[in-house]
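Some notes on the structure that comes next.
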Amino acid sequence: MTEPTPAVPWERLAADRSIVARYEAKAYRGPGPGDHHWWLGAISDSGHGKLRVGSRTAGTRRVVNVHVLGWAIAHGTMDLRNGAVVRHTCDEPSCQNPEHWRLGDRLQNILDFQARRGLSGHALADARGAKGRAVAVRDAILDAAPGTEADAIAAALAAGHPSGDHQDGLW
Ligand SMILES: [Zn+2]
């Protein structure tokens with residue numbers, strides 16, 4: 001029998017200055033106020049940023065979704081305790097810009113994904129899939145010469161749409 005996974009202690013994680021510092025160091029912030037903040041760390045199959053937290057010796061080690069951690073850092077944990085999920089209005093699951101997050105529920109998430117993934121040129125229609133897209137952007141930023149990140153990001157995003165179509169988030 002497997003033990004039920006204990007709830008993630010978001011409040012404690014968001015109050016841990018070393019965890020917050022590690023989180024901040026892995027978010028690449030473009031210069032524009034509306035730019036995505038791309039995650040430069042580990043990426044899950046769904047394209048979401050991941051961060052390992054906790055201590056192996058204390059038995060508290062786990063891997064968390066960083067956009068939820070980011071929400072807890074920016075806004076506190078009350079809504080998370082009430083079962084809300086953190087959604088991306090920009091449809092870039094690795095994005096850490098708090099302006100691009102909204103609270104919702106899982107059903108909304110599923111319905112939005114189904115409605116938008118068929119849109120030509122849309123982020124959700126990227127030929128590489130969500131993980132491939134987020135990894136391509138991450139690696140493009142890490143490999144870019146200083147000052148050329150914006151061009152590297154644009155090229156990495158365009159590479160997922162061989163047809164040349166492009167469509168931003170629709171919210
Ligand atoms: Zn974004």
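Below, each value reflects all heavy atoms present in this structure, side chains not excepted, and no hydrogens, waters or symmetry copies. Note that the coordinates shown come from a computational prediction; the quantities given were computed from them, not determined experimentally. Count residues from 1 along the sequence. Note that ligands are numbered from 1 as they come in the structure, with each ligand's atoms numbered from 1 the same way.
Remark: Glu24 does not engage Arg17 in a salt bridge, criterion side-chain N to carboxylate O under 4.0 Å.
A side-chain N or O of Tyr23 and one of Gln96 form a donor-acceptor pair less than 3.5 Å apart. Looking at Trp101 and His67, their side chains never bring a donor and an acceptor atom within 3.5 Å of each other.
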Would you list the atom pairs, donor with acceptor, under 3.5 Å between side chains in residues 134-149 and any protein atom, with sequence neighbours excluded?
residue: Arg138; atom: NH1; partner: Gly41; partner atom: O; Å: 3.0
residue: Thr148; atom: OG1; partner: Ala145; partner atom: N; Å: 3.2
residue: Thr148; atom: OG1; partner: Ala145; partner atom: O; Å: 2.6
residue: Glu149; atom: OE1; partner: Gly147; partner atom: N; Å: 3.0

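With side-chain heavy atoms closer than 4.5 Å counting as contact, directly or through intermediates, the hydrophobic cluster containing Leu107 also holds Leu111.
Among pairs with a residue in residues 37-49, those fulfilling salt bridge (charged side-chain N to carboxylate O under 4.0 Å, His left out) read Asp45-Lys131, at least two apart in sequence or across chains.
For the Zn ion (ligand 1), protein N, O or S atoms closer than 2.8 Å were enumerated as His36 ND1, Cys90 SG, Cys95 SG, His100 ND1, with waters left out.
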